Q: 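Following this message is one structure expressed as structure tokens.
Keep in mind that this is a model prediction, so the values were computed, not measured. To find a chain, count down the sequence lines: A is the first, B the second, and so on, and within it residues start at 1.
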2 protein chains.
Amino acid sequence: MITTLKDVSRLADVSLTTVSHVVNGTRPVSEKLRARVEAAIRQIGYTPNSLARSLKLSSSRTLGLAIQDIRNPHFTEIVYALEERARERGFTLLLSDFGDDPARESDALRVFVERRVDGLIIAPTSNGAAALAWLRGRGVPAVQIDRIADPGFDYVVVSNHAATRRLVTHLCQKGHRRIAMLGGLMGLSTSRERVAGYRRALRDAGLPVDPGLIVVGCSQPESARIATHALLDQAAPPTAIVAGNNLKALGALRALGERNLRVPEDVALVSFDDFPWADLFRPRLTTAAQPCRALGERAVDLLLDRIRDPGLAPRHVRLGVEIRHRESCGCAAGAPFSPTTPHVPTSKSV
Amino acid sequence: MITTLKDVSRLADVSLTTVSHVVNGTRPVSEKLRARVEAAIRQIGYTPNSLARSLKLSSSRTLGLAIQDIRNPHFTEIVYALEERARERGFTLLLSDFGDDPARESDALRVFVERRVDGLIIAPTSNGAAALAWLRGRGVPAVQIDRIADPGFDYVVVSNHAATRRLVTHLCQKGHRRIAMLGGLMGLSTSRERVAGYRRALRDAGLPVDPGLIVVGCSQPESARIATHALLDQAAPPTAIVAGNNLKALGALRALGERNLRVPEDVALVSFDDFPWADLFRPRLTTAAQPCRALGERAVDLLLDRIRDPGLAPRHVRLGVEIRHRESCGCAAGAPFSPTTPHVPTSKSV
DNA sequence: GGAAAATCCGCAAACGTTTGCGAGTTGGCG
DNA sequence: CGCCAACTCGCAAACGTTTGCGGATTTTCC
């Protein structure tokens, strides 16, 4: 059913070498033989064996992608961009979703290396540093996305600090003085940067940082929902909430709904990460939208560069974030947004 | 950096054969040698080369996944389930997103076959039949999901007809007499089955089928949005709309919002496909929720069975759909839902 | 103590490619 | 006619594994 070069060579009565060369166009072949070979190929429906080819060339034209949870719309978007870019460049993607489990993260990397991917893209967990160290030992090219666990590797992330700061500053300007932050796992660089941006904005506004208004560690909508209820149960509840990412925004939204609190009249809500359908939530959510597509494309480009030249110094890319100004912050729909912090342009260090 | 069996065998001073056997545990090895080998492996950080292994064994423990658009939440969910199940079974997933493009669909399959996947899972386009025929010629195991393009291959899909029928019947019972249907590309079995279910429900209710209320061919939110506007511009506009899938529901929702029409008071809306956050739209959407997880799991299981025994007769699985009864159909939240058509149980033919 | 059985191990051929090297042929030119 | 360049092509070794076969050593049992 599946045929080989040898089958073709027998049928066309030429050498293996010649068949290989007409298949790959890697050296001139006379018109006569080429015709015979091509006829034979069509006749038996020959399909090259990439495995053998990769083995011989020690290059599989395959990229490994290890990510937390494809179902998170943010990652879905990134995966989409990565796959497209990789495909355009002639690479195929191996996919691994490792959830929250560091062990599964390591497993994924091991599997990828065993399959001899040419390089890999990873959104590392909080202990991704160990996994990356292991990779370094194998000399496998890799780039981190979204989060950074080891500055020794390339990465492309966004300006979490600046964007969160702008979000919070905006709430301050609208008069909010008790602003809560739903933060993520502090092992993640994103969470740390976003919480730092939040603190910074408060300090800039001369507001106290109340530890009771910062809750960290929730990673799923459900924990965010519960955390939100807890926040609102306080003696002096927040008048505004900053969700550290899209999942937390969903949780917060649910909690607010359960309490029949109106957004933004009773409590304002802004969130990191946009949804493709964020305009359909009521109220329409004000968000910090990451450039997922650009992020994916840059990641692939960085990786291919490094595969070409493994000696490159680590390259760090930080992309700007766009604030999508909608209603949940308390502004009328479409009202102009005037941040105090200027928009952070795409930057690249080293 | 990357080492081989031979490196290990040299360092441990044993034969290649022995190293291979301790790595795979495929034949007993004396305690002494095993220890030496394991020490050597650790020392040089040996990682097996799956490419060579696959070549020799002619089995790559890899599954190809070709899908339309991962960003569609419905497919995202399926991809997630597929990846998880495949991983549990020791297989890795190759991912290809081919959009609407039949050419890219064929490309994807070709790439997968060249990479010698053990089998593949595909949500075929309207002309997927050709692509599948090509596969048959190569003898590559495959299962179709979501849609069916060639009954000669295994598939696992849902009861589109029955579910749509229940959705529409429910609207009829609420008194709607002009119910519009936003259908998909009629080349897809899902679209045909859903539209058929819609017609059937109307006939059952003794209502006329007005061709002006059926619009087919839209596949993206934007075209559904435009189609919805057109529907509402009619002399006798519909009082209820059935969205053929989640994307169309988003488009319809946008159009209704743009017209400041209230759902369900002015126009009722129900939709095929659920969203994980469907409870956060306002109004909360009544949907026909597919068992994405089960679908993914069954697909992998079917595929692995077939890989084991390629001679199996084609197996067809049709899963039941759960109606998630919320507000957009015009019922009070949480009101009981009493379909005339009994819930279609999971069935399996042949 | 000796033969048979059991145990432990290595040789070398394959899996399906790619490619350096060199052999054979042809044509051009003096 | 002779020689060299240009052109075409095939041989065979490699890529990193797996595994059938058989040789050597040890154990078992009478």
Q: Within this structure, what is the CG-to-C1' distance between B/Leu51 and D/dC15, rounded to whole angstrom?
A: 10 Å

Q: Report the nucleotide, chosen from D/dG16, D/dT17, C/dC9, that has the shortest atom-to-atom distance to any side-chain atom of B/Arg27.
A: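 Nucleotide nearest to B/Arg27's side chain: C/dC9.
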
Q: Would you mind checking if A/Arg42 and A/Glu38 are paired as a salt bridge, meaning a charged N to carboxylate O distance below 4.0 Å?
A: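 Result for this pair is no, no salt bridge flagged.
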
Q: Under 4.0 Å between any heavy atoms, over every strand shown, what does A/Leu57 touch: base, sugar-phosphate, or nothing? Just pick one.
A: sugar-phosphate

Q: Over all strands shown, is B/Ser20 touching base, sugar-phosphate only, or nothing at heavy-atom distances under 4.0 angstrom?
A: base

Q: In whole angstrom, what separates A/Asn49's CG from C/dA14's C1'?
A: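 Value for this atom pair: 14 Å.
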
Q: Answer with base, sugar-phosphate or nothing: what part of the nucleic acid does A/Thr4 contact at a heavy-atom distance below 4.0 Å?
A: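 Answer is sugar-phosphate: A/Thr4 comes under 4.0 Å of backbone atoms only.
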
Q: Would you indicate which nucleotide in C/dT18, D/dT19, D/dT18 comes nearest to any side-chain atom of B/His21?
A: D/dT19

Q: Measure from the side chain of B/Lys56, starting at C-beta and using heavy atoms only, and say which of C/dT19, C/dA13, C/dG10 lies closest.
A: C/dA13

Q: Taking only Lys NZ, Arg NE, NH1 and NH2, and the carboxylate oxygens of Asp or Glu, determine whether B/Arg315 and B/Asp305 approach each other closer than 4.0 Å.
A: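 Between B/Asp305 and B/Arg315 there is a salt bridge, with a charged N closer than 4.0 Å to a carboxylate O.
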
Q: B/Arg61 has an atom CZ; how far is it from atom P of D/dT18, in whole Å?
A: 14 Å

Q: Testing B/Glu84, B/Glu77, B/Glu83 for salt bridge (Lys or Arg N to Asp or Glu O under 4.0 Å) with A/Arg71, which one passes?
A: B/Glu77

Q: As a test of reading the structure: which of D/dG10, C/dG10, D/dT18 is closest to the side chain of B/Leu5, going by heavy atoms?
A: D/dT18

Q: Nearest to the A/Thr17 side chain among D/dA12, D/dC9, D/dG16, which nucleotide is it?
A: D/dA12

Q: If I take atom CZ in residue A/Arg53 and atom P in nucleotide C/dT17, what distance separates them, rounded to the nearest angstrom?
A: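 These atoms are roughly 10 Å apart.
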
Q: Any carboxylate oxygen within less than 4.0 angstrom of a Lys/Arg side-chain nitrogen, looking at B/Asp97 and A/Arg87?
A: no

Q: By nearest nucleotide on DNA chain D, pick out whichever of B/Thr47 and A/Thr18 is the more 5' one.
A: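 Nearer the 5' end of the strand: A/Thr18.
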
Q: Please figure out whether B/Ser58 or B/Leu33 has its closest DNA chain C nucleotide nearer the 5' end.
A: B/Leu33

Q: Can you see whether B/Ser15 engages B/Thr18 through a side-chain donor-acceptor pair at a distance of less than 3.5 angstrom?
A: yes

Q: Without decimals, in angstroms, what is the distance between A/Ile2 CD1 and C/dC15 P?
A: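 So the CD1-P distance, A/Ile2 to C/dC15, works out to 15 Å.
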
Q: Of the nucleotides D/dT8, C/dC9, D/dG16, which one has an atom closest to the side chain of A/Ser30?
A: D/dT8

